[in-house]
Each structure stands twice: as C-alpha cells, then as structure tokens.
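Take a look at the structure below.
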Amino acid sequence: MDVTPPLYARIYLLCGQIPSGMVTSYGDVAAMVGGGCDARTVGEALRAIGEHAPDVPWQRIVSQDGVISTRGLEQRRLLESEGVAFDRRARVLMLYHRWGGPGAEFAAAHRFGPPPPHDDAPEQLELF
DNA sequence: CAGATGACTCCCA
DNA sequence: CTGGGAGCCATCT
C-alpha cells in the first residue's frame, strides 16, 4: 500500500503552518516547498489528503486569484468560519488574508524558501 | 519505461 | 469577461 510520498509530506507540513484566518495559493506553496514542486503537484497532494493527512487545513489553499474552483461551498464555509472575507465574486481578499510564509526558523529548519512576491494591484479593494 | 491523471497557472483570441 | 490550449510535474497504472 501507499505511504505518504516525501514531497507530499513537505507540502502537508508547510500547509499545517498556515494559521487560522490566513490563506495561500497552490503556486506559493509549491514555490516554498521547492524541489521541483509545482502548483499541480500541490493540488494533487491536497486531493490525497484524505488518505495521508486528514488533519491538514486544506481549506486554506486557494487559487492564485483567491478563487475557490473545486470544492467551493464546503471550503468557503470553513474559511468564513475562520474569519476570512470574500468579495462579491467569491474571491478571498488575498491582500488581507495572504499568508506570508512560515517563520524564518521553521523555514530554515525544513529548507523552505520564501514566498514569491506579488505584483497585484489593490483592485480587489473595490467591493461593490 | 511509457501513458494517463489532476483541488494549477499563464497566454491569447 | 469567457473559453480554449499549452506548459508544468509528481504519482499511479
């Protein structure tokens, strides 16, 4: 039978560091995990969470724009219960809730890299 | 080893 | 804004 793949274990470890009320994107997780991991791999790891790590806060991983595309209703409900705000188009307000990565010590201990910078404009502030 | 799969992302019409 | 297509990569058959 399967055991948790090494890369997945790192993904779960990093996701477990995301505090309640914060979110990050698949691409950001992939960048921090490094080692040839990409957004799709993160998605695959989260898909297999039920088999490997049921305690990982999978709901805190959203797409790059803050959109929940897959298991929307359940995920949105969980995030809202943590205090995460959405705009009119069901996007997480990333400018407020984007996670800045694990602490420096934790990152160094597990060889995680820094999250990639975002060049997003504050257009998401335009609610309504 | 080769083909298929997917909870992504980017680019272009 | 919407939709289609390509690129990407670990994991499973």
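What you see below is based on every heavy atom in this structure, not just the backbone, and it leaves out hydrogens, waters and symmetry mates. Please read all numbers here as calculations on a predicted model, not as lab measurements.
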- Query: Can you find a donor-acceptor N/O pair under 3.5 angstrom joining the side chain of A:Arg47 to the base of B:dG6?
  - Reply: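 In this structure, the two groups form no donor-acceptor pair.
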Starting from [atom2] on [N], measure out to [atom1] on [X] and report it in whole angstrom.
X       : N      : atom1 : atom2 : result
A:Glu44 : B:dA7  : CD    : C1'   : 9 Å
A:Asp87 : C:dC1  : CG    : C1'   : 15 Å
A:Leu46 : B:dT9  : CG    : P     : 11 Å
A:Ile18 : B:dA7  : CD1   : P     : 18 Å
A:Asp65 : B:dA7  : CG    : C1'   : 16 Å
A:Ile49 : B:dA7  : CD1   : C1'   : 9 Å
A:Ile68 : B:dC8  : CD1   : C1'   : 15 Å
A:Arg10 : C:dT11 : CZ    : P     : 12 Å

Would you compute the distance between atom [atom1] of [X] and atom [atom2] of [Y] and round it to the nearest 0.5 angstrom?
X       : Y       : atom1 : atom2 : answer
A:Trp99 : A:Ile18 : CH2   : CD1   : 5.0 Å
A:Met22 : A:Met94 : CE    : CE    : 10.5 Å
A:Thr4  : A:Tyr12 : OG1   : OH    : 6.5 Å

Closest approach to the side chain of [X], judged atom by atom: which nucleotide of [options] is it?
X       : options               : answer
A:Pro5  : C:dT11, B:dT9, B:dA7  : C:dT11
A:Leu7  : B:dG6, C:dA10, B:dA7  : C:dA10
A:Arg40 : B:dG6, B:dT9, B:dA7   : B:dG6
A:Tyr8  : C:dA10, B:dC10, B:dA7 : C:dA10
A:Asp38 : C:dT11, C:dC9, B:dT9  : C:dC9
A:Tyr26 : C:dG7, B:dA7, C:dT11  : B:dA7
A:Thr41 : B:dT9, B:dA7, C:dC9   : C:dC9
A:Ala39 : B:dT9, B:dA7, C:dC9   : B:dT9

- Is any side-chain nitrogen or oxygen of A:Arg89 closer than 4.0 Å to OP1 or OP2 of C:dC1?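 Checking C:dC1 against A:Arg89, a side-chain N or O does come within under 4.0 Å of OP1 or OP2.
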- Residue pair A:Pro57 / A:Gly16: nearest heavy atoms and the distance that separates them: CD-CA, 4.1 Å
- Message: Ignoring hydrogens, what is the shortest heavy-atom contact between A:Ile11 and A:Thr41? Give both atom names and the distance.
- Response: CD1-O, 4.2 Å
